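Presented below is the structure to which this report refers.
A note on names: the letters A, B, ... follow the listed sequences, proteins ahead of strands, and every chain is numbered from 1. None of these values were measured; they are calculated from a predicted model.
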Protein chains: 2
Amino acid sequence: MPRPRQPRLTRQLIVETATALIDAEGMPAFSTRRLAAELGVRGPSLYNHFATKDEILDAVADTVTGAVDTSGFAGRDWVAALRDWAWSYRRALTAHPNIVPYLAQGPGRRPAALAMADAVYGGLVRAGWPPARATHIGAALRYFVAGSALGSFARGFVEDPELYAAHYPHLRQAHRLAEHQQSVDEGAFALGLDALLHGLAAEYARTVDPVESGRPSG
Amino acid sequence: MPRPRQPRLTRQLIVETATALIDAEGMPAFSTRRLAAELGVRGPSLYNHFATKDEILDAVADTVTGAVDTSGFAGRDWVAALRDWAWSYRRALTAHPNIVPYLAQGPGRRPAALAMADAVYGGLVRAGWPPARATHIGAALRYFVAGSALGSFARGFVEDPELYAAHYPHLRQAHRLAEHQQSVDEGAFALGLDALLHGLAAEYARTVDPVESGRPSG
DNA sequence: ACCCTTAAACTAGCGGTGTAAGTTTTGCCG
DNA sequence: CGGCAAAACTTACACCGCTAGTTTAAGGGT
């Protein structure tokens, strides 16, 4: 089968199908041949549109990251901006949990990740944080979000009570974690995020703006 | 070459060599044949000691997690215990950054991870935290540590200034991140951890022990 | 209208992967 | 000392990422 009348593949179609495949069957099932089959095509044909498998994965990762909303940093309230961003970030990652491990490594070359870092850093500096602090805060939040999306705490547990009761005295109810997976993970994220922001606000009041802090901003 | 006088492989030797190989050359270079070659052996021989490749990786992951110190939870100061644990956890993971993505997924079956979760959960409950809260706190800290070890923020950036100056106005100095990689990551971790613990202490004072908080514990 | 370049699919194939199956020799136990 | 289990081996299968070369169609230039 030679060149068809109408191209059967486009970069966008490949990325969408790759995303769906990874979502549905996980990273190990994602091979170039499998993806090609899903597209009704023969494997090496993908290499007319992408140079390597990793290039496809980078495109998927960039699309996922592109869904994160950083518009809050345009406003004046940096705490609210961080909170909205973190939740949006988490939502984007948990929508495609299987690519998170890939996505979390080496974001420094992907445009969407850079745009996100730029927006966060700029917003924090504008709010008065010293540049070095702004970098640390952005990184710390990224750690927290990526970690929460990567290793769903609850998902790791198994529904077999016997496994835990014997050796881990305090985890007698750990098998219940598997049931309430989503609520445990979201609860842990909410608690941790609030604590983080609380601590950062205290640091801000102490070091950046001792005068204005505590008053209604204006 | 049949069965030798003295076995050339043991589970421990395999795990140690696997760890060294992953540390030195990364996860993609870790194949059963490559590992076997490193051990002076022929590939399938490994299957006399482990059923699958993943079983080897699980053993490596468990060893890494086993190095985490949770002894602080035996004491009375839960904040100090969390801090010590988090740093020890981070040290254990950053000592072997290449297996972190694997390690962070599905810890619910590995003994060392379960023992760690048990110690943390038990310590927090003993300190007065409600069980649900204790679960959330342990998970939140785990998110933060795993995220920090997984996606070294700075490592993602590249030493090419041109790449950032053009499109990301606030990242003009991002290429410097590559130089100060370790200090950026540690600084971000220290800042985030302190903020998290500060926020948790405030929550504790508000909901768990409004009377004792603020006084010297006794 | 024709040619020529380029695009986009194909087939064939290389070296590598995890792992199953069966073989051989050794050490140990009854 | 016979027999069994252990621990190495060889062979082989199906799959993997990717390269090379082939075939045909689309589209632009003269």
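- Residues satisfying the salt bridge (Lys or Arg N to Asp or Glu O under 4.0 Å) test with B:E203, not counting sequence neighbours, are B:R133, B:R206.
- Straight-line distance from the CD atom of A:E25 to the C1' atom of D:dC15: 15 Å, rounded to whole Å.
- One can place CD1 of A:I14 at 14 Å from P of D:dG17, the figure rounded to the nearest angstrom.
- Straight-line distance from the CE atom of A:M27 to the P atom of D:dG17: 10 Å, rounded to whole Å.
- Identified under the side chain to side chain donor-acceptor pair (under 3.5 Å) test for residues 50-68 of chain B, with sequence neighbours left out: B:D58-B:Y102, B:D58-B:R110.
- Between A:Y143 and B:Y143, the distance separating the two ring centers is not shorter than 6.0 angstrom.
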For a quick test of your reading: what N or O donor-acceptor pairs under 3.5 Å do the side chains of residues 81-91 of chain A make, sequence neighbours left out?
from	atom 1	to	atom 2	distance (Å)
A:R83	NH2	A:D194	OD1	3.2
A:S88	OG	A:D69	N	2.8
A:R90	NH1	A:S148	OG	3.0

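- A straight line from CG of B:L57 to C1' of C:dT17 spans 14 Å, rounded to a whole angstrom.
- Considering only the side chain of B:L9, D:dA8 comes nearest among C:dG18, D:dA8, C:dA9.
- Taking every heavy atom of residues 35-55 of chain A and every atom of DNA chain C, pairs under 4.0 Å involve A:V41, A:R42, A:P44, A:S45, A:N48, A:H49, by number.
- C:dG15 atom P lies 18 Å from atom CZ of B:R34, rounded to whole Å.
- Interface remark: the B:R33 side chain does not form any donor-acceptor pair with the C:dG16 base, using a distance-only criterion of under 3.5 Å.
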Enumerate donor-acceptor pairs with a distance under 3.5 Å from any side-chain N or O in residues 112-127 of chain A to protein atoms, sequence neighbours excluded.
from	atom 1	to	atom 2	distance (Å)
A:D118	OD1	B:H170	N	2.7
A:D118	OD1	B:L171	N	3.3
A:D118	OD2	B:H170	ND1	3.4
A:R126	NH1	A:F73	O	3.0

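- Using a 4.0 Å heavy-atom distance criterion, B:S31 is classed as a sugar-phosphate-only contact.
- In this view, B:E25 and B:R34 satisfy the salt bridge (Lys or Arg N to Asp or Glu O under 4.0 Å) rule, not counting sequence neighbours.
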